[in-house]
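Residues: numbered from 1 along the sequence shown.
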Amino acid sequence: MDALHQFLVAPFTEFAFMQRGLLGAVLLSFSACPIGVFLMLRRMSLTGDAMAHAILPGAAAGFLLYGLQIVPMTIGGLLAGAIVALGAGAVSRLTVQKEDASMAAFYLISLALGVTMVSLRGSSVDLMHVLFGTVLALNNAALTLIGIVAAVTLTALAIFWRALVAECLDPLFLRSVSRLGTPVHFIFLGLVVLNLVAGFQALGTLLSVGLMVLPAAAARFWTQRVETMAVLAIVFGLVSSISGLLLSYHAALPSGPAIILSTGMLYFASVLFGTRGVLSTRRPRHAHRIA
């Protein structure tokens with residue numbers, strides 16, 4: 001029993017950096033995982049990944065001007081995300097190119113530009129910080145930002161939940177019966193960018209979308225109800241955060257990748273054993289053949 005306590009509990013009670021990392025990851029789970037459910041239902045998961053890379057030049061600009069200061073990097077990331085989203089949308093509407101292709105072009109350019117900007121002034125350590133985050137080095141400012149984003153996201157979800165669900169299922173119907181269709185779409189995109197910027201503080205630009213999309217994708221294999229899916233995604237995010245931090249502590253692994261790897265293991269377990277997973281969908285067919 002004492003060994004179990006030392007393995008599971010002691011790291012979080014004895015070390016302040018583990019407590020800060022856990023608090024940041026828990027807040028991100030409550031905030032980003034429900035957003036990931038709507039991204040998945042809208043078939044925009046890759047768009048979320050593109051947006052995560054798109055914030056890099058703005059964050060890099062803030063880093064070049066002010067160093068690793070949270071406010072300039074956050075403002076820069078928000079501006080860069082908005083510019084890429086608007087630019088990709090304009091290209092898709094004014095030219096023959098589809099939105100997914102224009103988004104891919106913008107995000108690749110943004111990623112290359114951001115890495116170049118960080119490399120001009122920063123060291124390889126700074127570049128790794130920007131790309132992969134530092135969950136175990138979150139300061140008060142970063143935790144405050146993540147907490148504010150979580151509060152804004154949960155409030156917006158509570159207010160616009162029905163409209164968000166309706167737009168996922170039938171956006172044309174929502175626009176025909178309500179004026180909320182277009183505003184809700186832009187509110188949702190704003191929440192995506194906000195959560196990516198918050199996740200960037202902990203997981204970096206390359207991994208921030210992982211905690212948003214993977215728990216939601218895993219939850220899809222257990223239920224069809226959007227409400228249950230969102231709750232399950234949060235639970236999977238929390239479990240992944242705790243197990244990933246413990247894995248990074250005991251195995252001396254980088255914390256951000258350890259959290260995403262834990263989420264990935266939950267995803268593959270859901271693919272196999274979920275009520276809508278591979279093994280469950282095969283059982284009725286075999287039973288039918290036997291009958």
Side-chain angles (χ1 to χ4, degrees), residues 24-40 42 44-63 70-89 99-100 103-104 106-111 113-115 118 129-135 138 141-154 156-157 164 185-217 233-234 237 240-241 256-257 259-260 263:
V26 166
L27 289 172
L28 283 173
S29 297
F30 275 100
S31 180
C33 292
I35 297 297
V37 169
F38 287 106
L39 269 178
M40 180 187 60
R42 291 164 177 252
M44 292 175 61
S45 299
L46 292 179
T47 301
D49 184 52
M51 291 301 298
H53 295 79
I55 67 175
L56 183 55
F63 168 75
I70 186 168
V71 174
M73 293 179 70
T74 298
I75 294 174
L78 288 172
L79 290 175
I83 290 171
V84 168
L86 293 173
E99 190 169 11
D100 60 338
M103 183 67 76
F106 271 80
Y107 109 74
L108 289 169
I109 295 168
S110 298
L111 180 61
L113 178 62
V115 171
V118 175
H129 168 84
V130 172
L131 293 179
F132 299 104
T134 50
V135 180
L138 292 174
L143 288 174
T144 300
L145 172 67
I146 295 172
I148 291 172
V149 170
V152 170
T153 300
L154 293 175
L157 288 176
L164 286 167
H185 179 71
F186 285 105
I187 288 170
F188 173 72
L189 291 179
L191 292 175
V192 172
V193 174
L194 273 176
N195 279 275
L196 288 174
V197 170
F200 161 78
Q201 307 299 330
L203 299 171
T205 56
L206 295 185
L207 296 177
S208 59
V209 74
L211 194 60
M212 184 180 291
V213 172
L214 282 174
I234 293 173
S240 301
S241 298
I259 290 174
I260 303 305
T263 316

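For the pair A202 and L138, the tightest heavy-atom approach, listed with the atom from each and the gap, is CA-CD2, 4.0 Å. Nearest heavy atom pair, residue A233 against residue P215, reads O-CB, 3.3 Å. Closest non-hydrogen pair, G114 versus L56, comes out as CA-CG, 3.7 Å. Here the shortest heavy-atom pairing between L27 and A150 reads O-CB, 3.9 Å. Scanning both residues, I146 and A198, for their nearest heavy atoms gives CG1-O, 3.8 Å.
In this structure, the separation between OG1 on T153 and CZ on F188 is 10.5 Å, given to the nearest 0.5 Å. In this structure, CG on L39 lies 10.5 Å from CG on L191, to the nearest 0.5 angstrom. A distance of 6.5 Å separates CG of L214 from CD1 of I260, quoted to the nearest 0.5 Å. The line from CD1 of I55 to OG1 of T74 is 9.0 Å long, rounded to the nearest 0.5 Å. For the atom pair OG of S208 and CG of N195, the computed distance is 9.5 Å after rounding to the nearest 0.5 Å. With rounding to the nearest 0.5 angstrom, the CD1 atom of I35 is 12.5 Å from the CE atom of M40.
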Take L157 and F38 through the side-chain contact (heavy atoms from CB on, under 4.5 Å) test and state the conclusion after the steps. CA-CA 11 Å; L157 288 176; F38 287 106; 4.0 Å; yes
List the steps, then state whether side-chain contact (heavy atoms from CB on, under 4.5 Å) holds for I75 with L79. CA-CA 6 Å; I75 294 174; L79 290 175; 4.1 Å; yes
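Using a 4.5 Å heavy-atom threshold, the side chains of L154 and S31 count as separate. Using a 4.5 Å cut-off on side-chain heavy atoms (C-beta onward), V192 and L196 make contact. In this structure, the side chains of H185 and L164 stay at 4.5 Å or more apart for every pair of heavy atoms. L78 has its side chain within reach of L194: a pair of non-hydrogen atoms, C-beta onward, lies under 4.5 Å apart.
Between the side chain of S29 and the backbone N or O of G237 there is at least one donor-acceptor pair closer than 3.5 Å. Under the 3.5 Å distance criterion, the side-chain polar atoms of S110 are matched with a main-chain donor or acceptor of F106.
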